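What follows is a single structure, written as structure tokens, with notes after it.
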Amino acid sequence: MAAVSPSSHLNKAVRQQYMSLPQGETCQVTYVWIDGTGEGLRSKTRTLCRNPKIIEDIPEWNFDGSSTYQAEGSNSDMYLIPVCMFRDPFTLDPNKLALCEVLKYNRLPAETNHRSSCSKVMEAVKEHCIWFGMEQEYTLLGVDGHPFGWPANGYPAPQGPYYCGVGANNAYGRDIVGCHYKACLYAGVKIYGTNAEVMPSQWEFQVGPCEGIEMGDHLWVARYLLHRVCEDFGVVATLDPKPMVGNWNGAGCHTNVSTKEMREKGGLQYIEQAIEKLSKKHAEHIRVYDPHGGQDNIRRLTGLHETSSIEDFSAGVANRGASIRIPRQVGQEKRGYFEDRRPSANCDPYTVTRAITATCLLDTDEGEESK
Ligand code: ADP
Ligand code: MN
Ligand code: MN
Ligand code: MN
């Protein structure tokens, strides 16, 4: 059995006494932001003397960017700009989580702040009411980096019984999945559902449908909640797209997309138009579908294990080996949405939704970030 963290052994009954103390009129606000890796999340907490009602009630703050791979020590202050507020499922009402954009000393977006350019693209196409739903796959690990619940030496039985599996021999770590689901609902994250995945100790949750910039905001907060729930249980969630080499499925972040036109009667023709546009920009999309220009996803998009090859673009109805899948029901009803299966589990949803939106609706290269 994989090792769990030291803090998971602390006395949780003692903790409960302090967590239930009244706090008067004060409110704890935990600021959450993306660090310089483009994958890692950071957070810190402060007291407000009044309960914020809207995001504008939460003041700007700052942090030391030299400790988050975001700035040199000599000019290290970075700005935290709250953009989205959620209820805090760990400290409970009235306490809040505030997702933040990060600005540099000159108030320009930090290198890994892709929300800023994403929101401009979403603003430019808002009459299309673009919706997204993202399927976040992840793998549970012990603090030693070994998959949670796997034998210390050797492997579990081959893939087959684990996808949507039930029973102690098939489902590894469901407590975490259930607690994360509840935490998302409490916080106000638009979680759509969850399932056990093909590889043991691999799981998925979906967020959506979300319109425009809301997709990235809700997925990042759902990821924050996942890492925090895992911390409480003493295990680690990795978004690595291929945590185990060999005959084990990788982890993606399938991105489902629809515009108002696609959802209306006869919308299939708009879906086909979008797919045609995507087919011409395969390489550009692969470059922004993981934080390392495609280098992470290359381990996953092999053409095996329900993936398409990273080299080729393909599309098909009900085809889980294609880059783009049109769900069977959408093919039958001739309206609905399509699924881009290429994004890596560790993708930045702001980058992915920006690129898809720019390619399908703007006919420009605004999916590529202007520097
Ligand atoms: P799969 O069959 O690929 O495993 P899931 O059930 O895991 O699909 O996820 C479906 C996703 O599609 C959800 O995130 C949901 O929010 C999203 N979705 C459903 N309808 C739409 C739509 N019209 N536009 C965009 N996304 C949608
Ligand atoms: Mn799914
Ligand atoms: Mn899946
Ligand atoms: Mn899918």
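These values consider heavy atoms only, across backbone and side chains, with no hydrogens, waters or symmetry-generated copies. Note that the coordinates shown come from a computational prediction; the quantities given were computed from them, not determined experimentally. First listed ligand is number 1; within each ligand, the first listed atom is number 1.
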Problem - Apex the Mn ion (ligand 3); atoms Glu137 OE2 and Glu197 OE2; angle rounded to 10 degrees - result: 90°

Practice task
Just grab all the salt bridge (charged side-chain N to carboxylate O under 4.0 Å, His left out) pairs involving residues 204-227, residues at least two apart or on different chains.
Solution key: Arg115-Asp217, Lys190-Glu214

Exercise for the section: Indicate yes or no: at least one non-hydrogen side-chain atom of Phe205 is less than 4.5 angstrom from one of Leu226. Expected result: yes

Handout entry: Non-hydrogen side-chain atoms of Pro89 and Leu225 separated by less than 4.5 Å
Key = yes

Problem - Protein N, O or S atoms lying under 2.8 Å from the Mn ion (ligand 4), listed by chain and number - result: Glu135 OE1, Glu135 OE2, His254 ND1, Glu339 OE2

Handout entry: Salt bridge present between Arg107 and Glu60 (N-O < 4.0 angstrom)
Key = yes

Practice task
Specify whether Phe313 and His282 have parallel, tilted or perpendicular ring planes, treating 30° as the upper limit for parallel and 60° as the lower limit for perpendicular.
Solution key: perpendicular

Exercise for the section: For the pair Lys96 and Asp88, find out whether any cationic side-chain nitrogen is under 4.0 Å from an anionic carboxylate oxygen. Expected result: no

Exercise for the section: Kindly give the atom name of the N, O or S atom of Glu204 closest to the Mn ion (ligand 2). Expected result: OE2

Handout entry: Polar contact flag, side-chain donor to acceptor under 3.5 angstrom, Thr68-Gln70
Key = yes

